[in-house]
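One structure is given below, encoded as structure tokens.
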Number of protein chains: 2
Amino acid sequence: MNSKGNFVKKLRNSGLRPTKQRIKICEVLFKNEKTFHFTINELSKIIAEKIEEKISLATIYNTVHAFKKKGYLKEISINTDKSYFDTNTSHHHHFFDNLTKELTDLSNEDVEKIQINKSLPGKKISSVEILVKVENE
Amino acid sequence: MNSKGNFVKKLRNSGLRPTKQRIKICEVLFKNEKTFHFTINELSKIIAEKIEEKISLATIYNTVHAFKKKGYLKEISINTDKSYFDTNTSHHHHFFDNLTKELTDLSNEDVEKIQINKSLPGKKISSVEILVKVENE
DNA sequence: TTCTAGTTTATAATAATTCTAAAAAAAGTA
DNA sequence: TACTTTTTTTAGAATTATTATAAACTAGAA
């Protein structure tokens, strides 16, 4: 279980000043061990509900991007209308239900090794990401 | 080689009135057999250059979305900042170079069969899309 | 030719995100 | 502690991409 003190350390270690706002956002994002997906809009609603003092939208944007840069969050592009962030930063894949817009993790272990028989001249692969679109049976 | 007449037929067959604007956009998108990727912004620039009479931006949006709905175009979500469309509507995958923002097709045949050992209750897979991110060697 | 539904257009509206500049807070220093 | 510097936060403005609106136009049918 992550506590305030650990977040302060985490922030300081990555060169981010542990401000009140950043610590609060850490608590919302990283307190429970379960990872989850969110949009900026959803996050700002959660923060508005959970926290006594409001955090400005600009700060939420700044912080999410700072956390992404530091590798504490991953951005996922599923469809154009919504941009999701993921607190699970390990390499993994996703299921996406276009109807419900629901996003579910698909762990690396649940996918057989992917063999790609083509390469681009002068380029090497940095990651292989799978998006499995699902619909109702 | 696709000609104007074919586009008129194509449009009519799918219940879209073959208007001057739609035919012009067809010509830009489907005239040459090579498929390609574009953003709305790029498309509107191409149209502005190639065509004597201007087509309003709203019409370009409408038309691209109509074509997508009819299956003549596919939308690809690679990253948040740009939304790409693809004139290659067959099932295939992509390479993406985050540095140059270059998008390259990866055909289905160049990927070994993907085995996913997890399923979501009540859902079935409708598609499996791979995004291979590349960087300079 | 006339009529009608579908389409295009300019413009306004909306939404998401970034920018800006001033105020506030954190860290460093004496 | 008090002072200084640097970073961060903030509200609101600016920007950008996209969608909505309503009037003018057009393709196709009668």
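Scope of the values below: all heavy atoms of this structure, side chains included, with no hydrogens, waters or symmetry mates. Fair warning: this is a prediction, and the values are worked out from it, not measured in the lab. A note on names: the letters A, B, ... follow the listed sequences, proteins ahead of strands, and every chain is numbered from 1.
Other residues, nucleotides and ligands contribute only 12 or fewer heavy atoms inside 6.0 Å of the NZ atom of A:K45. Environment of NZ in B:K101: crowded, with over 12 heavy atoms of neighbouring residues, nucleotides or ligands closer than 6.0 Å. The 12-atom threshold is exceeded at NZ of A:K118, counting heavy atoms of other residues, nucleotides or ligands nearer than 6.0 Å.
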Begin with the C-alpha distance, continue with both residues' side-chain angles, and end with the deciding distance and a verdict on side chain to side chain contact (heavy atoms under 4.5 Å, CB included) for B:H94 and B:L106. CA-CA 5 Å; B:H94 291 98; B:L106 169 60; 5.7 Å; no
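Between A:K124 and B:E137, none of the side-chain N atoms (NZ, or NE/NH1/NH2) sits under 4.0 Å from a carboxylate O, so this pair counts as no salt bridge. A salt bridge links A:E53 to A:K20: at least one charged side-chain nitrogen sits closer than 4.0 Å to a carboxylate oxygen. In this structure, A:K24 pairs ionically with A:E52, as a charged nitrogen and a carboxylate oxygen lie closer than 4.0 Å. Taking the charged nitrogens against the carboxylate oxygens, B:E135 and A:K123 have no contact shorter than 4.0 Å, which rules out a salt bridge.
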So which protein nitrogen or oxygen atoms get under 3.5 Å of nucleotides 17-21 of chain C's nitrogens or oxygens?
unit_1: C:dT17; atom_1: OP2; unit_2: A:Y61; atom_2: OH; d: 2.5
unit_1: C:dT17; atom_1: O5'; unit_2: A:Y61; atom_2: OH; d: 3.3

N/O contacts under 3.5 Å, protein versus nucleotides 24-28 of chain C?
unit_1: C:dA26; atom_1: N3; unit_2: A:R17; atom_2: NH1; d: 3.3
unit_1: C:dA27; atom_1: OP1; unit_2: A:R12; atom_2: NH1; d: 2.8

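Along DNA chain D, the stretch of nucleotides lying under 4.0 Å from any heavy atom of chain A spans, 5' to 3', D:dT6 to D:dA11.
OP1 or OP2 of C:dT9 sits under 4.0 Å from a side-chain N or O of B:S56.
Residues A:F67 and A:T87 fail the side-chain proximity criterion, which asks for heavy atoms closer than 4.5 Å.
Ring geometry for B:F7 against B:F30 counts as tilted: the plane angle lies between 30° and 60°, on a 0 to 90° scale.
Nearest-nucleotide assignment on DNA chain D puts the 5′-proximal partner with A:G15, out of A:G15 and A:K54.
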